[in-house]
Every structure is written in structure tokens, then in C-alpha cells.
Amino acid sequence: MAYQDAITALADPTRRVIIDKLRTGPLPVGAIADGMGVSRPAVSQHLKVLSDAGLLSVTPTGNRRVYAIAPEGVDELRRYLDTLWDDALAAFARAAEEKAKGKST
């Protein structure tokens, strides 16, 4: 899984709602679909996209499938976002240093 796949998967608001529902723990498809306003087959399609992107793990339990957030997939996305944050902070520090140098002369 590449962080690009995760970003693409999370671009859809329905998929972000699914991720939010799973933040409290693993759920079967029916529980995820409850109150979403989209059909259960549509939720299943969104779950497949999230799973293919490495953001969800799927555990077969009898005749149903239970979905959970996959820590390793989220961790790769977090590492990428951390690099963006580090770059932004470094740019801010450089700009602050340049501004401070300009005032001291």
C-alpha cells in the first residue's frame, strides 16, 4: 500500500464516514451501513476500496466479514503527513530566521 492509495481512498466523503465509524472498533458491514444513507452494496464497494488501499483489515467471522482500521496502513499515511509537517515547520523556521536577520541589520 502506498500513501497515495490511502489519500485517494479517503478523498471520498462516504469513505471518511466509514473510517470514523470504525474508530471505535471493528464492525460488520451491516453495522457500518446503518444510518449511512447509502445501500449496503455501496458500503461494501467503499469497504473494498479502503481495504485495497491498505486502510482496513477484513476478518471473516462465520458468514459475515468484520472490518477494522489497519494500523500499518494508517501508519504509512501518517509518516507521509509527518514529512509534510516537518517540511512546513522547516520552511517557517527559515522564514523566521530571514525576517529576524532583516530586522537586526
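At least one side-chain heavy atom of Arg15 sits less than 4.5 Å from a side-chain heavy atom of Val49. Using a 4.5 Å cut-off on side-chain heavy atoms (C-beta onward), Val74 and Ile19 make no contact. You'll find the side chain of Ser57 stays beyond 4.5 Å of the side chain of Tyr67, heavy atoms only.
Here the CD1 atom belonging to Ile7 is positioned 9.5 Å from the CG atom belonging to Asp5, to the nearest 0.5 angstrom. Distance check: Asp20 CG to Ile32 CD1 gives 12.0 Å after rounding to the nearest 0.5 Å. The CG atom of Asp52 sits 11.0 Å away from atom CG of Leu47, with the distance rounded to the nearest 0.5 Å. Interatomic distance, Leu50 CG to Leu22 CG, rounded to the nearest 0.5 Å: 8.5 Å. Note that CE of Met36 and CD1 of Ile18 are 4.5 Å apart. Values are rounded to the nearest 0.5 Å. Between the CD atom of Glu76 and the CG atom of Leu81 there is a distance of 11.0 Å, given to the nearest 0.5 Å.
Residues Trp85 and Phe92 fall into different hydrophobic clusters, defined by Ile, Leu, Val, Met, Phe, Trp and Tyr side chains chained together at heavy-atom separations under 4.5 Å. By the rule that hydrophobic residues join a cluster once side-chain heavy atoms approach within less than 4.5 Å of another member, Leu84 and Leu89 end up as members of separate clusters.
Residue Val66 is tested with Leu27, Val58, Thr61 for a side-chain contact (heavy atoms from CB on, under 4.5 Å); the sole match is Thr61.
Residues Thr24 and Lys21 share a closest heavy-atom pair of OG1-O, 3.3 Å.
Under the 3.5 Å distance criterion, the side-chain polar atoms of Lys101 are left unmatched by any main-chain donor or acceptor of Ala96. Listed for the Arg16 side chain is a donor-acceptor partner under 3.5 Å among the backbone atoms of Ala11.
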Self-check item: side-chain contact (heavy atoms from CB on, under 4.5 Å) assessment of Ile69 paired with Arg23
Solution: CA-CA 7 Å; Ile69 293 175; Arg23 289 175 66 183; 4.0 Å; yes
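Applying the 6.0 Å contact sphere to CZ of Arg79 captures more than 12 heavy atoms from other residues, nucleotides or ligands.
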